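This structure is a prediction, so every number in the text was calculated from the model and none was measured. Order of the sequence lines fixes the chain letters, A, B, ..., with proteins taken first and strands second; residue numbering starts at 1 for each chain.
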Amino acid sequence: MKDYLRSTIRAVLDDYDAVPADFDIELEKPAREEHGDLATNTAMRLASALKNNPRAIAEELSERLRDAVDPGRVRAVEVAGPGFINFRFASDHLFDSLADVLDAGEAYGRTDLGNGQSALVEYVSANPTGPLTVGHGRNAVLGDTVANLLDWAGYRVDREYYFNDAGRQMRVLAQSVRARYEEIAADVDMKTIDLGDGETAEVPVSFPEDGYLGEYIRDVGQALFDEHGDALLDSDRLDPFQAKAEEIIFADIEATLERINVHIETFFNEKQLYQDDRVERTVNALKEAGVTYEKDDALWFKTTDFGKDKDTVLIKSSGEPTYRTPDMAYHVDKFERGYDVIIDVLGADHIATYPDVLSALDVLGYDSEKVEVILYQFVTLVRGGEPVKMSTRRANYVTLDDLIDEVGADVTRFFFLMRSADTHLNFDLELAKEASDKNPVFYLQYAHARVCSIVDKAEEVGFTFDDEPDLALLTHEDETTLIKELLRFPTIIEQAAEARAPHFIPNYLREVASAFSQFYGSCRIIGEDRDLATARMHLARATQTVIHNGLTVLGIDAPREM
RNA sequence: GCGCCCGUAGCUCAGUUGGAUAGAGCAGCGGACUUCUAAUCCGCAGGUCGCAGGUUCGAAUCCUGCCGGGCGCGCCA
């Protein structure tokens, strides 16, 4: 419909020499019902070019448009306000479009906006040093849903998880496991470490500075002991400890992701970048470009040349690269794979460091503008109006698994998705657990279950989808409103995909559910005559389709009953 | 101090290429269940869009400054 109106307006504007050839016609759904179904601000934006006041231009354009439009699609063209031109759809258009919804079914909402372009979404990317946190959860759900949106909008999407397994962090992890293993396998001396705030922990003397204190470390030690007895005590090697930790922790992470419906195809690890010298090649290329220098036995990247107030270290004096060096090589790899769209999902704490990676890409001849970063703010769990205190240092935090245990996977996903990524998220645990009208996710699921129930009931009493519906019978105000709401879905998907903004979807679905509830309140099926009942059950099914498809994009279950 | 994000109703938040009278949910008040799921619906009330300038036909939206909150500013990741 938008395309139709756009081309019609274009044709009318072609009669005016003063209108720039590249003038972009804007059409949008007005905020208010009385302003019609679509509106354009064309007259206002042409005021200066046509040297006339917007209202007069609008009158003239609307006159011509009234003659130009197909009355089967548009029943009114009106001028309003400072110079808007408002269009009202003919009801036939609504009914035809509703039939399209029913035909498309589970594919309704899919578009070819992306035209088959390839997209890579990198998300989660937590290193396997412990269970996923609530913050990782927001990352996972955001990334996964952006990937879903792109998929629905016609992109070919790859989902990737990148992790570091070559650096200091993993070494400390392995040392922590080894210390716990020694504690289990042998009689070792213990020491007490101070965690601050009067809290302490008992650890073996071999336990590293800044070691991992979580209980899962002990579990890994125990698993090694069960497998090898005390045989590992003799060797100084750390790799069996690291390998086992990685194996167990990754299994745990993948299981958690599975629970919230996050499925990632590719796990890209840092080590593979070293195996074929890609990190080294990236470093050499940066050196050749003259953007590095050596100081204090370390190799520095002159990030001050790119607007930062400090230079950054690429290779430490120990000879080890910092984490961002392989990350640069990794992004080079993303470019080499030829993606049209590259998206990284990062927590707000990375705000200062990812620009280094982008700068390096520019130096190496890649267009860093192509890398889109979805930056999300932190999550605060709120219980009883108070923030839940957490400390990573003490391994005293609510894991993503704990959260899913408490509120369920659907609620977890929904709460992460209902706010825009760049707002600090207050996750209200009490509200999340409440199975009532206060909880928005239940509102949607309830609406879906209710539709299913109605449709089932209607079939039980003898109405059937085999009857060809006369959708033109759907003339009640609440029916019209609902139909219009359903027809917005593909556009909403496109907008959410383009803006990389999953939170459009929950907001939209609430409006659909609300429009449906009103329809439900004023329009019955059973008890009406066969033709009207049949038309209404088709409308109910179309609603079911939209809510189902919308929840599917969000990765949330659409239950048939509650 | 510097960089980025946020500041909209009592609370949590929408408002995305600048548009019409700034919206929703919750909380509050008042109504609606012999009727397909009341986990619902209808109505009322609730606002200096942090503050001050600027840009223009028009600003919650763009620009500048200030105030307040968050995150970061490691040879950690």
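- Contact check on A/E320 versus A/R171 returns a salt bridge, with a Lys/Arg side-chain nitrogen under 4.0 Å from an Asp/Glu carboxylate oxygen.
- Side chain A/D327 to base B/A77: no donor-acceptor pair is found below 3.5 Å.
- The pair A/K2-A/E28 fails the salt-bridge criterion, with no side-chain N (NZ, NE, NH1 or NH2) lying under 4.0 Å from an Asp/Glu carboxylate O.
- When the P atom is used for both B/G47 and B/C66, the distance is 31 Å, rounded to whole Å.
- Using P as the reference atom, B/G7 and B/U12 are 12 Å apart when rounded to the nearest Å.
- Taking the P atoms as reference points, B/U8 lies 15 Å from B/A60, given to the whole Å.
- At the heavy-atom level, A/A540 lies nowhere under 4.0 Å from the strands shown.
- The C1' atoms of B/U48 and B/A59 are separated by 16 Å, rounded to the nearest whole Å.
- Between the base of B/U16 and the side chain of A/H503 there is a donor-acceptor pair shorter than 3.5 Å.
- Listed pair A/Y443 / B/C41 meets the phosphate criterion, a side-chain N or O lying under 4.0 Å from OP1 or OP2.
- By the 4.0 Å N-to-carboxylate-O rule, A/K308 lies close enough to A/D356 to be salt-bridged with it.
- Distance noted for atom P between B/C41 and B/C26: 8 Å (whole Å).
- An OP1 or OP2 oxygen of B/A77 is reached within less than 4.0 angstrom by a side-chain nitrogen or oxygen of A/K316.
- Comparing B/C49 with B/A24, their C1' atoms sit 16 Å apart, to the nearest whole Å.
- Ring stacking holds between A/F84 and B/A20, with the centres under 5.5 Å apart and the planes within 30 degrees of each other.
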Within the sub-3.5 Å range, which N or O atoms of nucleotides 23-29 of chain B have a protein N or O partner, and how far apart are they?
unit_1, atom_1, unit_2, atom_2, d
B/G23, OP1, A/R32, NH2, 2.8

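- Side-chain atoms of A/S317 and base atoms of B/C75 include a donor and an acceptor less than 3.5 Å apart.
- Counting distance only, with no hydrogens placed and no angle test, the side-chain atoms of A/N41 and the base atoms of B/G19 include a donor-acceptor pair under 3.5 Å.
- One finds a side-chain N or O of A/K457 lying less than 4.0 angstrom from the OP1 or OP2 phosphate oxygen of B/U37.
- Residue contacts shown for A/H424 are limited to sugar-phosphate atoms, with no base heavy atom under 4.0 Å away.
- Taking side-chain N and O atoms only, A/N507 has no distance below 4.0 Å to OP1 or OP2 of B/G15.
- With its glycosidic angle more than 90° from 0, B/C62 adopts the anti conformation.
- In RNA chain B, the stems built from three or more successive Watson-Crick or G-U pairs (distances below 3.5 Å) are B:1-7 with B:67-73, B:10-13 with B:23-26, B:28-32 with B:40-44, B:50-54 with B:62-66.
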